[in-house]
Amino acid sequence: MASAIVTGATGITGNAIVHHLCKDPSYTKLYTLSRRNPGASDPKIQHVTIDLQGSADNMATHLADISAEYTYFCAYMAHEDANELCRINGTMLANFLTALEKTGAIRNLKRFILTCGFKQYGVHLGNCKQPLLEDDPLLENDLGGRGAGAKWPPNFYYTEQKILRDAASRHGNTWDWIVTLPEDVLGYARGNFMNEATALGLYCSVSKLLPGSELPFPGCKAGYFAFNTWTSANMHARFCLWAAAAKKEVGNNVFNVTNGDTQSWQDLWPRLAKRFGCRVPQPMFPNGGIPDTPGYMGFDSKTVRMPGAHPLTARAEDLGVSHNPSTEETPTLFLQIDPEKWAKRPDVNDAWVRLRDKYGLDQTAWEGATWDFLTFALGRSWSCVGSMSKARKFGWTGYADTWEELEETFRVLEREGVLPSAERLKADFEM
Ligand SMILES: NC(=O)c1ccc[n+]([C@@H]2O[C@H](COP(=O)([O-])OP(=O)(O)OC[C@H]3O[C@@H](n4cnc5c(N)ncnc54)[C@H](OP(=O)(O)O)[C@@H]3O)[C@@H](O)[C@H]2O)c1
């Protein structure tokens, strides 16, 4: 019989973990922690409304009677500034661990599972060495050749992992830790529209109503043909439960957690078009789909030159590639349709309103959809493929098909009134 604390219980990864813990008979007590109440009805669950930005003392009073063998830490606060991201998320984790020390709950802890992600490798900064392996060097050294004092930006996952390792060693390693690295999570949590599937599903549904029902890929041509891995929130949750219960050697390790297949937009996009009853444009990239070119058929394009260097430059010597940092191309995003401007167009909004009114859809989903997430996910020209070899060597056998997981997420979004039923959409708006 086991018990667990889940922080970030209302979020995409945390919500899925709670769902899987509820189904697992070996867990008899679950404490869910977040500022909002996830509203789950399972009798195993005791919810604690808590702001993890508070002091450790304050948190300890809220957590006075709470103790569990396993902690799943999925709380996360976004911030545009990398230093602030480290400070905010580092403080939440550090104060939470100190609160467990103050209440004495830390003595009952067996394993702490912390959810991080592929930003560990710098995929948000540019092209990295592929595939991404857990023992790849961290981006901690100076950014050689980029001018005196040039550094990689601070990485909040490194901050969190140091806090976690230090806390375990302070307690004589009586408990151990696991860090998971998911990539572009496919999942849903009520009221949380900050995810790829919501924005993608809305883009496809609205495109169905635009003249010609074409579904142009908003991003760049190189990104269309690049390879990626995705992580289903359910798959990630199953991995976390497996890792918590796994043998001792699994502890104190960082693991990539992806579905186990390698995918690409070139494969997924035509399937999306078919699912939503849209046409694949001929040609998909009439202006070449490269930076600084005009948008698709009169839509606004967007080119974003990112500061810094591709993380691959940190590996130039090991890989034996000639490298001249002063002339190296700057990491660049290109979108032949700028999703943020697209979502503000009058014709797009008219189409959304027609959909919303016909199918009773959730206006807050449209307003809260993260178009900037699509800007990054579709605009990058580089691959992001995480290897699952390490987890498999430790005995993990889980697998999920990315397209099936995406479809399942769309079905949930349909049930939640975020997306129209694709079947009805196709029947009601024939091409
Ligand atoms: N989503 C993705 O595509 C993705 C991909 C790769 C990696 N990751 C990583 O996965 C981790 C978890 O992210 P997620 O996507 O699950 O996040 P999320 O959906 O944004 O959820 C964040 C959770 O943290 C809670 N939270 C935020 N601030 C809090 C505070 N001050 N006090 C208490 N709880 C607070 C939120 O609950 P309340 O608002 O109710 O407090 C929510 O439950 C992060 O490290 C993220 O970088 C996510």
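Both counts, for ligands and for their atoms, begin at 1 and track the order of listing.
- Side-chain contact annotation: T258 with N256, donor-acceptor N/O pair under 3.5 Å absent.
- For K274, there are no salt bridge (charged side-chain N to carboxylate O under 4.0 Å, His left out) partners at least two apart in sequence or on another chain.
- Closer than 4.0 angstrom to ligand 1 lie heavy atoms from G8, A9, T10, G11, I12, T13, S34, R35, R36, I50, D51, L52, Q53, C74, A75, Y76, M77, M92, T115, C116, G117, F156, Y157, P182, D184, V185, N192, F373.
- Taking the six-membered ring for Trp and thresholds of 30 and 60 degrees, F239 and W242 have ring planes inclined between 30 and 60 degrees apart.
- Partners of F394 according to the ring-ring contact (aromatic ring centres under 6.0 Å, His included) rule, which considers only residues two or more places apart in sequence or in another chain, are F255.
- For the ring-ring contact (aromatic ring centres under 6.0 Å, His included) test, no residue two or more places apart in sequence or in another chain qualifies with F373.
- Not less than 6.0 angstrom separates the ring centroid of F276 from the ring centroid of Y203.
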